[in-house]
Amino acid sequence: MREVSLRSKIAIFSVGLLTFLGILTETSLTVAFPILMKQFNVSLDSVQWLTSGYLLMVTVVMCSTAYLNERFPAQAMFRFAVVTCFCGSLLCALAPNLALLMAGRLLQAMATGVATPLMYHLIFELVPLHRLGFYVGLAAMVVSLAPALGPVYGGILTNFISWRMIFWILVPLIAVLALVGFRYVILPASKNPRRFDAIGLALLAVSMLGLIEVVNQWGRMGIANWGFAIRLVITFTALALLVVHAIKGKREIINFHLLARSIVRLRAANYFIFQFANIGISVILPLFSQKYLGTSALVAGLIMLPGSIAGAFISPFAGKTYDKHGPRITITLGNVSMMIGCALLCWFTKSSTVLTLTLLYMFIRIGFNTGFGSTMSDATKRVAPAEKGDVNTMFNTFQQYAGSLGTSVLAAAITAFEGRTSSVNANAAVASGTQLDFLMLTVLAFFGLIFTLMTYRLDSPKAKPVIKKVQG
């Protein structure tokens with residue numbers, strides 16, 4: 001059987017490391033939110049855009065990567081991502097105000113939006129099928145470990161030096177990475193690339209931005225105002241137009257027709273829930289730790305370190321288990337662990353300690369990394385080879401938007417409680433908002449488990465001829 005060449009391994013490693021650095025910064029600023037709020041004199045619903053806005057830009061860029069990976073060779077895509085990430089990191093390190101910091105974050109997001117699907121693109125093109133689960137497991141480790149390590153990385157630097165060092169350290173690393181990647185990341189473009197769907201991209205961007213704005217408006221001012229109503233109308237109008245465009249349009253920014261296949265649809269929903277919880281918890285735990293427990297930025301970040309290490313350790317083994325035994329063990333365990341972990345966090349929110357948060361987060365991370373990579377691997381095996389790029393784009397888009405929406409929803413819940421409580425009871429408001437967040441995540445994890453159980457029937461022997469027909 002064909003194995004993975006050394007050149008292919010170096011290429012995947014180079015793009016994977018760039019992806020890791022980009023995603024690391026997604027959540028690295030969360031521990032610095034209290035400091036940034038004071039330094040720039042802004043509220044939580046404004047400063048949270050440094051994370052949710054980042055993720056939204058990543059999502060929009062990822063929507064076009066199915067076209068970009070077909071239109072341009074991998075080396076050109078990698079070079080664009082490296083240069084953009086370098087410039088964005090430099091701008092963030094020097095930013096004198098929130099606006100320029102946000103601009104730098106958006107440049108970084110563009111790089112991450114290109115690099116992440118490119119990493120999966122190289123894996124799907126260069127790795128044989130019998131090794132796919134292991135390599136996708138490694139990629140899932142990058143995608144899931146980086147945002148979990150972000151608060152640790154950001155907490156250490158913010159506590160001992162400055163939040164600006166989060167970005168200064170990236171600058172030389174990206175420069176070194178460019179020297180390696182420019183030589184080894186080589187994969188030709190498609191001979192027959194699809195046509196670019198500008199209308200679909202615009203409608204999708206408006207829909208996603210509108211939904212996040214609706215959530216933010218709810219957190220700031222509630223739903224009984226004209227601002228909320230206007231945002232809601234715009235969002236649902238854009239969504240309706242997007243559905244019509246997807247059904248009747250001759251071009252497609254994302255191949256949503258893949259969702260007509262039941263298992264792919266259920267896996268996509270489960271993947272979205274996994275990442276919604278993953279990024280959401282990575283944002284609210286450090287915030288809760290500092291505002292309610294009164295810890296430093298360093299301790300807030302270190303709470304997540306054991307879980308991050310445990311999750312990274314389990315990912316490759318989960319990939320191997322998937323390769324040998326299929327998706328039932330890994331995805332089921334992932335959903336069950338997420339549901340139990342979030343339920344316990346909800347139960348112990350107001351009586352939690354640093355040790356409680358650390359242990360429960362570690363339990364959640366082990367479950368998350370057990371099921372996350374297998375979800376995408378299994379969906380990829382349900383489609384024809386020519387459609388793997390579409391699955392890659394769709395799942396990566398869902399993954400990033402889930403993080404953006406999760407950040408906004410969970411932050412909005414805390415903001416809503418803070419806005420309805422006097423400053424004297426600020427800690428109680430943070431605790432109540434965080435408890436509601438964990439309750440929402442528990443419910444979502446329960447639905448993820450239901451979706452997994454539904455696939456058992458679809459994966460029965462009677463259904464397998466249909467799956468083979470789709471793959472062929």
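In what follows, residues are counted from 1 in the order of the sequence shown. As a basis for the values below, the full set of heavy atoms in this structure was taken, side chains included, without hydrogen atoms, waters or symmetry mates.
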In the structure I gave you, are the side-chain heavy atoms of [X] and [Y] within less than 4.5 Å of one another anywhere?
X: M110; Y: L106; result: no
X: P172; Y: V176; result: no
X: D437; Y: F288; result: no
X: V114; Y: F80; result: yes
X: S296; Y: V299; result: yes
X: L293; Y: L357; result: yes
X: I284; Y: F438; result: yes
X: F167; Y: L101; result: yes

How close do [X] and [Y] get, heavy atom to heavy atom, and via which atoms?
X: M165; Y: Y153; result: O-OH, 3.8 Å
X: L91; Y: G104; result: CD2-N, 3.5 Å
X: Y292; Y: T349; result: CE2-O, 4.2 Å
X: V58; Y: A109; result: CG2-O, 3.3 Å
X: F78; Y: L177; result: CZ-O, 4.2 Å
X: S337; Y: G367; result: CB-CA, 3.4 Å

Please check this pair: side chain of [X] against backbone of [Y], looking for a donor-acceptor N/O pair closer than 3.5 Å.
X: Y271; Y: F395; result: no
X: T25; Y: G22; result: yes
X: T19; Y: V15; result: yes
X: T295; Y: S289; result: yes

*Taking only residues two or more places apart in sequence, or in another chain, which ones meet S162 in a side-chain contact (heavy atoms from CB on, under 4.5 Å)?*
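If we apply the side-chain contact (heavy atoms from CB on, under 4.5 Å) test to S162, skipping adjacent residues, the hits are R164.
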Supply the atom-to-atom distance [X] [atom1] to [Y] [atom2], rounded to the nearest 0.5 angstrom.
X: M339; Y: L444; atom1: CE; atom2: CG; result: 12.5 Å
X: L157; Y: I166; atom1: CG; atom2: CD1; result: 6.0 Å
X: L344; Y: F348; atom1: CG; atom2: CZ; result: 6.0 Å
X: T370; Y: M338; atom1: OG1; atom2: CE; result: 11.0 Å
X: Y361; Y: C342; atom1: OH; atom2: SG; result: 11.0 Å
X: I23; Y: T112; atom1: CD1; atom2: OG1; result: 6.5 Å

*asked:* If you apply the rule side-chain contact (heavy atoms from CB on, under 4.5 Å), what do you find for Q275 with N278, and how did you get there?
replied: CA-CA 5 Å; Q275 192 67 351; N278 176 43; 3.1 Å; yes
_side-chain contact (heavy atoms from CB on, under 4.5 Å) for I309 and M362? Distances and angles first, verdict last._
CA-CA 9 Å; I309 294 173; M362 183 165 61; over 6 Å; no
*Could you point out which residue of F274, F451, F447 forms a side chain to side chain contact (heavy atoms under 4.5 Å, CB included) with N335?*
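So, applying the side chain to side chain contact (heavy atoms under 4.5 Å, CB included) to N335 and each of F274, F451, F447, only F274 qualifies.
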*Sorted by first residue and then second, give each side-chain hydrogen bond (donor to acceptor under 3.5 Å, both in side chains) pair with at least one member in residues 86-111; sequence neighbours left out.*
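Qualifying pairs: S89-Q108.
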*Give the intermediate values and the outcome of side chain to side chain donor-acceptor pair (under 3.5 Å) for residues Q435 and W347.*
CA-CA 8 Å; Q435 190 169 42; W347 183 266; over 6 Å; no
_The criterion is side chain to side chain donor-acceptor pair (under 3.5 Å); which residues satisfy it with T442, sequence neighbours excluded?_
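Expected list: none.
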*How far apart are the C-alpha atoms of F363 and T358, what are their side-chain angles, what is the distance that settles it, and do they pass the side-chain contact (heavy atoms from CB on, under 4.5 Å) test?*
CA-CA 9 Å; F363 180 76; T358 302; over 6 Å; no
_Counting only heavy atoms not in F40 (residues, nucleotides, ligands), do more than 12 fall under 6.0 Å from its CZ?_
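Yes - once you tally the heavy atoms of other residues, nucleotides and ligands closer than 6.0 Å, there are more than 12.
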*Any chance you could lay out the side-chain contact (heavy atoms from CB on, under 4.5 Å) test for K350 and S432, step after step, and finish with the verdict?*
CA-CA 8 Å; K350 295 183 180 180; S432 296; 3.5 Å; yes
